[in-house]
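Single-structure report; data block below.
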Amino acid sequence: MTATTSPEGGTARPESAWAPMAAPVFRALWIAQFVSNVGTWMQTVGAQWLLLGHGATLVTLVQTASSLPVVLLALPSGVLADRFDRRRLLVVAQFAMCAVATVLAVLAFADALGPGPLLALTFLLGCGTALMGPAWQAIQPELVPREQLGEASALGAVNMNLARAIGPAVGGVLVAAAGAGWTFAFNAVSFLGIVLVLLLWKRPPAPPVPADRRESFVTALYAARRYVWNAPGVRRVLLRTALFIPGAAAVWSLLPLVAGDSLHLGSGGYGLLLAAVGIGAVSGAFLLPRVRRTLGANGTMTAGALVFAAVLAVLATVHLTWVVALVLLPAGLAWIGVLSTLSAATQTRMPGWVRARGLAVYLLVFQGGQALTAPLWGALAQWLGLSGALLIAGALLLLAAATVRVWPLYDAARIDPTPSDHWPAPPLVHEPGPADGPVLVSVVYRVAAGDRSAFIDAMRDVARSRRRTGALTWGLYEDGATPGRFVENYLVASWAEHLAQHHSRQTTTDRRFEDTARALLLPGTEPEITHAFDATTGPRVHTG
């Protein structure tokens with residue numbers, strides 16, 4: 001047994017790194033996902049090998065075609081996952097990807113799969129991945145306890161990398177023996193296992209959202225942007241992701257060129273190089289709890305970036321296959337260490353009402369970084385040579401490691417996304433309609449002169465809470481005639497948005513921020529709350 005760690009490296013109760021596998025649905029989905037990931041990696045080898053004779057840029061565009069849909073569809077997919085049944089959404093995505101992979105296989109068997117159709121169909125597969133990504137991440141808290149989310153995230157990375165260890169090797173042999181069409185065919189069948197598990201999952205039905213609290217598609221998108229922008233802990237996770245991914249993605253973008261141009265290997269040799277990364281990642285699953293306990297999350301991220309930089313330097317300067325395969329082992333460990341840390345940090349910071357959308361933003365940065373930089377690495381490899389491109393990527397990772405001390409992940413101890421329905425119902429003379437608004441909420445506080453500075457500081461956290469949960473504008477004002485009398489004003493777009501603030505968007509963290517500020521009020525006083533509407537169109541105003 002090893003000790004679990006928080007995403008920031010704090011020690012929690014003793015827990016096995018494999019504890020989430022005790023949950024039957026998690027275990028079944030993990031196995032089904034593994035088969036699907038093996039198919040994905042087999043297809044990646046087949047696609048990249050078909051394009052290897054068409055230049056470095058086209059080879060790296062396979063990665064772009066797979067990742068770019070996330071840039072375009074991550075946020076809409078997150079909205080869909082928060083508004084509709086997530087299991088049903090995942091089933092639809094799996095069937096759609098099965099259909100696309102079948103078309104790829106048919107064209108490949110007919111010898112009619114040129115670069116254009118191959119990249120276009122790979123892009124469509126990426127659209128399916130983009131559609132399922134936020135929903136898949138968002139159901140994890142339904143499968144395992146919250147304290148096991150870090151282990152569940154690491155096991156997800158183990159899944160991908162174990163598939164990376166097996167899929168490319170099998171794919172490379174299959175391409176060499178029978179052609180790329182069979183890799184596409186296997187990938188098509190591999191999606192059906194996930195469909196079966198999802199259909200058999202006896203998921204408790206989600207409570208229906210009252211009609212007066214349902215968000216429109218555009219409103220839901222804006223709510224996600226507003227939440228992330230006003231959540232410093234989430235923004236810091238996104239920054240660390242954006243600094244790590246571009247340099248690290250060069251390994252996946254340029255490894256086919258390392259195998260073919262630098263080491264003169266065939267498709268089987270390329271598959272074995274990918275397998276080395278996967279073996280390193282799987283081994284890392286056993287070492288990661290101890291690494292995070294020793295280094296903490298920020299230390300793990302620094303070490304991961306430094307390891308990747310060293311690996312890229314070896315790939316740029318060494319042309320011995322056994323040496324390259326050897327250094328790719330720690331690359332797998334570094335990859336799983338950094339990604340599981342970032343993913344778990346995102347999940348533990350997001351409340352349920354916006355979780356899928358928040359994870360969609362994370363996937364947008366993660367996949368977008370790979371999609372946008374992959375063709376750049378290919379172009380640099382053609383312009384400066386393969387070694388030059390690899391060394392530039394290594395330099396970016398050194399920069400990422402150096403900035404961890406400047407922009408570390410925040411401690412998650414202050415963040416508890418558990419829902420908290422602690423606001424009393426607003427006492428109004430007339431019940432407004434859901435679309436009535438905007439609503440101006442005013443709160444009057446009375447504070448002793450000696451607590452003025454502490455109160456203003458505490459209200460900064462309250463301000464971010466108001467904006468995260470729905471406020472369009474926010475301000476804190478002190479009465480010029482009565483020192484210590486503060487008026488907080490914030491504007492919410494509609495009555496439905498304000499009801500959502502009351503009943504579904506507040507968290508334990510939000511309540512703690514409010515309690516800290518209210519503890520500084522004059523003894524015997526309570527906040528005075530007013531809800532005001534547009535005088536020309538809204539209902540009558542009542543002061544509570």
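Taken to the nearest 0.5 Å, the CG atom of L75 stands 6.0 Å off from the CG atom of L221. Between L320 atom CG and L326 atom CG the span is 11.5 Å, to the nearest 0.5 Å. Distance CG/L73 to CG/L364: 10.0 Å, rounded to 0.5 Å. Note: N298 CG to L409 CG = 5.0 Å, rounded to the nearest 0.5 Å. Note that the CG atom of L380 and the CD atom of Q382 stand 10.0 Å from one another [nearest 0.5 Å]. Separating the CG atom in L89 from the OG atom in S77 is a distance of 7.5 Å, to the nearest 0.5 Å.
A perpendicular orientation is assigned to the rings of F308 and F244, their planes being inclined by more than 60° (bins at 30° and 60°).
The backbone N or O of T40 lies less than 3.5 Å from a partner atom in the side chain of N187, making a donor-acceptor pair. Side chain of S343 to main chain of L339: no donor-acceptor pair is present (N/O by atom type, distance under 3.5 Å, no hydrogens or angles). The backbone N or O of A32 lies less than 3.5 Å from no partner atom in the side chain of S36, so there is not a single donor-acceptor pair. In terms of modelled atom types and a separation under 3.5 Å, the side chain of R467 and the main chain of R226 share no donor-acceptor contact. Remark: side-chain polar atoms of R27 are paired, donor with acceptor, to backbone N or O of M21 under 3.5 angstrom. A distance-only check finds no donor-acceptor pair linking the side chain of R86 to the backbone of A135 [under 3.5 Å]. Side chain of T403 to main chain of A400: a donor-acceptor pair is present (N/O by atom type, distance under 3.5 Å, no hydrogens or angles). Formation of a donor-acceptor pair under 3.5 Å by the R357 side chain with backbone atoms of V79 is not found in this model.
The 12-atom threshold is not exceeded at CZ of R88, counting heavy atoms of other residues, nucleotides or ligands nearer than 6.0 Å. Counting heavy atoms of neighbouring residues, nucleotides and ligands inside a 6.0 Å radius, atom CH2 of W182 does not exceed 12 of them.
Looking at heavy atoms from C-beta onward, Y227 lies in side-chain contact with P351 at the 4.5 angstrom threshold. Counting heavy atoms from C-beta outward, M97 and T129 have side chains that approach closer than 4.5 Å. Contact check for T241 versus T346: no side-chain heavy atoms found under the 4.5 Å cut-off. Looking at heavy atoms from C-beta onward, F191 lies out of side-chain contact with T102 at the 4.5 angstrom threshold. Within the 4.5 Å cutoff, the side chain of V318 has no heavy atoms near those of the V327 side chain. Between L238 and V228, some side-chain heavy-atom pair lies under the 4.5 Å cut-off. Residues M301 and L342 form a side-chain contact, since some pair of their non-hydrogen atoms from C-beta on lies under 4.5 Å apart. V365 is not listed as a side-chain neighbour of I245, based on a closest heavy-atom distance of 4.5 Å or more.
Nearest heavy atom pair, residue Q43 against residue A101, reads OE1-CB, 4.3 Å. Of all the heavy atoms in A249 and T373, the pair that sits closest is CB-OG1, 4.0 Å. Contact between A309 and G394 at its shortest, heavy atoms only, is CB-O, 3.5 Å. Pairing each heavy atom of A185 with each of A105, the nearest pair is N-CB, 3.7 Å. Considering all non-hydrogen atoms of both residues, A331 and V307 come closest at N-CG1, 4.3 Å. L312 and G247 make their closest contact through CD1-O, 3.8 Å (heavy atoms, listed as atom of the first residue, atom of the second, distance).
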### Message
Apply side-chain contact (heavy atoms from CB on, under 4.5 Å) to residues L386 and V258 and explain how you reach the verdict.
### Response
CA-CA 8 Å; L386 181 58; V258 171; 4.0 Å; yes
### Task
Check step by step if side-chain contact (heavy atoms from CB on, under 4.5 Å) holds for I392 and L384.
CA-CA 10 Å; I392 290 174; L384 299 176; 3.5 Å; yes
### Task
Quick one: do V234 and V361 satisfy side-chain contact (heavy atoms from CB on, under 4.5 Å)? Show the steps, please.
CA-CA 10 Å; V234 176; V361 176; over 6 Å; no
### Task
Could you please spell out the steps behind the side-chain contact (heavy atoms from CB on, under 4.5 Å) verdict for L363 and W136?
CA-CA 11 Å; L363 291 172; W136 186 271; over 6 Å; no
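Note: F184 and F109 fail the aromatic proximity criterion, with ring centroids not under 6.0 Å apart.
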Tabulate below the donor-acceptor pairs under 3.5 Å that side-chain atoms of residues 112-121 make, not counting sequence neighbours, or state none.
none

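For the side chain to side chain contact (heavy atoms under 4.5 Å, CB included) with R355, the qualifying choice from M350, R349, Q140 is M350, the only one to do so.
Within the structure, the salt bridge (charged side-chain N to carboxylate O under 4.0 Å, His left out) test picks out no pair touching residues 323-346 (sequence neighbours left out).
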